[in-house]
Colleague: 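My structure is below; once you've seen it, I'll send some questions.
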Amino acid sequence: MLRTFLKKALLKMGFNEKVYDLLKKIPERKLSTYKILAEKLNTKAYRAVGNALNKNPNAPYVPCHRIINSNGFIGGYAKGIKKKIDLLKKEGIEIKNNKIDLKKYLFKF
DNA sequence: CCGTTGACTCTTT
DNA sequence: AAAAGAGCCAACG
């Protein structure tokens, strides 16, 4: 189990790793978007970013709930969209009609 | 190995 | 303004 995880982590270390790394830099009360992450990775594969989070091998460790759509809507969450909203609210982020004020909370790397 | 799919976003009807 | 197309890339069958 642990072995499998380590093996994959050491062997892969590509696209996803970078995504998680960026994610970990986002402080509480802050947000970012799929777009920004992709651009940080020097790519336009916004989907691949979402895909990486969906698999989310580091679930509790990486704050993947702090990533939302570029239009300010929530997007999705592997464990349920409600859970995502709860977590965000808990961090002090206000959500109206499943939408977030990006300008207010956006974290700039 | 090729085709599909998806927590996406931008551009063009 | 709303819908469809295009681009991009990892994961899965």
Side-chain angles (χ1 to χ4, degrees):
Chain A
M1 211 50 160
L2 180 59
R3 241 156 88 102
T4 308
F5 168 73
L6 289 176
K7 200 171 179 180
K8 280 193 177 176
L10 290 175
L11 233 52
K12 276 275 179 184
M13 288 247 254
F15 190 89
N16 297 357
E17 244 276 327
K18 293 182 185 174
V19 173
Y20 307 137
D21 198 51
L22 286 173
L23 225 44
K24 286 183 294 191
K25 292 182 181 166
I26 304 177
E28 290 187 9
R29 263 172 182 279
K30 289 287 182 180
L31 293 172
S32 192
T33 70
Y34 300 98
K35 179 183 175 178
I36 293 173
L37 259 62
E39 282 175 354
K40 278 293 160 199
L41 298 183
N42 228 16
T43 178
K44 290 150 205 146
Y46 316 110
R47 288 179 167 189
V49 175
N51 217 353
L53 297 189
N54 185 27
K55 306 293 178 185
N56 198 13
N58 307 322
Y61 174 54
V62 170
C64 36
H65 57 279
R66 299 197 187 124
I67 301 301
I68 62 176
N69 294 348
S70 65
N71 58 15
F73 284 95
I74 305 295
Y77 194 60
K79 294 177 180 162
I81 180 63
K82 287 197 170 177
K83 192 78 180 168
K84 185 167 180 177
I85 293 176
D86 280 351
L87 287 169
L88 291 172
K89 279 190 174 179
K90 210 174 265 188
E91 295 184 0
I93 292 169
E94 196 157 353
I95 300 172
K96 305 168 187 176
N97 296 344
N98 285 357
K99 198 174 176 194
I100 295 178
D101 185 352
L102 264 183
K103 310 233 169 191
K104 197 169 175 186
Y105 299 108
L106 188 59
F107 173 66
K108 292 168 187 171
F109 290 91

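Atom set for the values below is all heavy atoms of this structure, side chains included, hydrogens, waters and symmetry mates excluded.
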Colleague: Is any side-chain heavy atom of Y77(A) closer than 4.5 Å to one of L87(A)?
Modeller: yes

Colleague: Could you tell me the separation between the CZ atom of F15(A) and the P atom of dA10(C), rounded to a whole number of Å?
Modeller: 6 Å

Colleague: Taking only heavy atoms on the protein side, list every residue of residues 61-70 of chain A lying under 4.0 Å from any atom of DNA chain B, sorted numerically.
Modeller: C64(A), N69(A), S70(A)

Colleague: What residues from residues 92-109 of chain A pass a heavy-atom cutoff of under 4.0 Å to DNA chain B?
Modeller: none

Colleague: Mind listing the residues from residues 25-32 of chain A sitting with a heavy atom below 4.0 Å of DNA chain B? Number order is fine.
Modeller: none

Colleague: Indicate every side-chain donor-acceptor pair of residues 92-109 of chain A with a distance under 3.5 Å to a residue at least two apart or in another chain.
Modeller:
{"unit_1": "D101(A)", "atom_1": "OD1", "unit_2": "K103(A)", "atom_2": "N", "d": "3.3"}
{"unit_1": "Y105(A)", "atom_1": "OH", "unit_2": "E94(A)", "atom_2": "N", "d": "3.2"}

Colleague: Using a cut-off of less than 4.0 Å, is there contact between a side-chain N or O of N54(A) and OP1 or OP2 of dA10(C)?
Modeller: no

Colleague: 5' to 3' on DNA chain B, which nucleotides open and close the contacts with chain A (atom under 4.0 Å from a heavy atom)?
Modeller: dG6(B) to dC10(B)

Colleague: For nucleotides dA7(B) and dA2(C), find the distance between their P atoms and express it as a whole number of Å.
Modeller: 23 Å

Colleague: List, by chain and number, the other hydrophobic cluster members for F73(A), where Ile, Leu, Val, Met, Phe, Trp and Tyr join if side-chain heavy atoms come within less than 4.5 Å, directly or indirectly.
Modeller: none

Colleague: Scan residues 72-93 of chain A for pairs that pass salt bridge (Lys or Arg N to Asp or Glu O under 4.0 Å), counting only residues two or more places apart or in two chains.
Modeller: R66(A)-E91(A)

Colleague: Could you identify which residues of residues 76-90 of chain A place a heavy atom less than 4.0 Å from some atom of DNA chain B, listed by residue number, or say none?
Modeller: G76(A), Y77(A), A78(A), K84(A)

Colleague: Quickly work out the L37(A) CG to dA10(C) P distance and round it to whole Å.
Modeller: 15 Å

Colleague: Please tabulate, for side-chain N and O atoms in residues 31-52 of chain A, each donor-acceptor pair with protein atoms closer than 3.5 Å (sequence neighbours left out).
Modeller:
{"unit_1": "T33(A)", "atom_1": "OG1", "unit_2": "K35(A)", "atom_2": "N", "d": "3.4"}
{"unit_1": "T33(A)", "atom_1": "OG1", "unit_2": "I36(A)", "atom_2": "N", "d": "3.2"}
{"unit_1": "T43(A)", "atom_1": "OG1", "unit_2": "A45(A)", "atom_2": "N", "d": "3.1"}

Colleague: Check nucleotides 1-8 of chain C against the protein and report each pair of N or O atoms closer than 3.5 Å, with its distance, or say if there are none.
Modeller:
{"unit_1": "dG7(C)", "atom_1": "O6", "unit_2": "R47(A)", "atom_2": "NH2", "d": "2.8"}

Colleague: Checking side-chain contact (heavy atoms from CB on, under 4.5 Å) for the pair N16(A)/K55(A): CA distance, chi angles, key distance, verdict?
Modeller: CA-CA 10 Å; N16(A) 297 357; K55(A) 306 293 178 185; 5.8 Å; no

Colleague: Compare every heavy atom of V62(A) with every heavy atom of Y20(A), then report the nearest pair and how far apart it is.
Modeller: CB-CG2, 4.0 Å

Colleague: Identify the two heavy atoms, one from L23(A) and one from C64(A), that lie closest to each other, and give their separation to 0.1 Å.
Modeller: CD2-CA, 3.7 Å

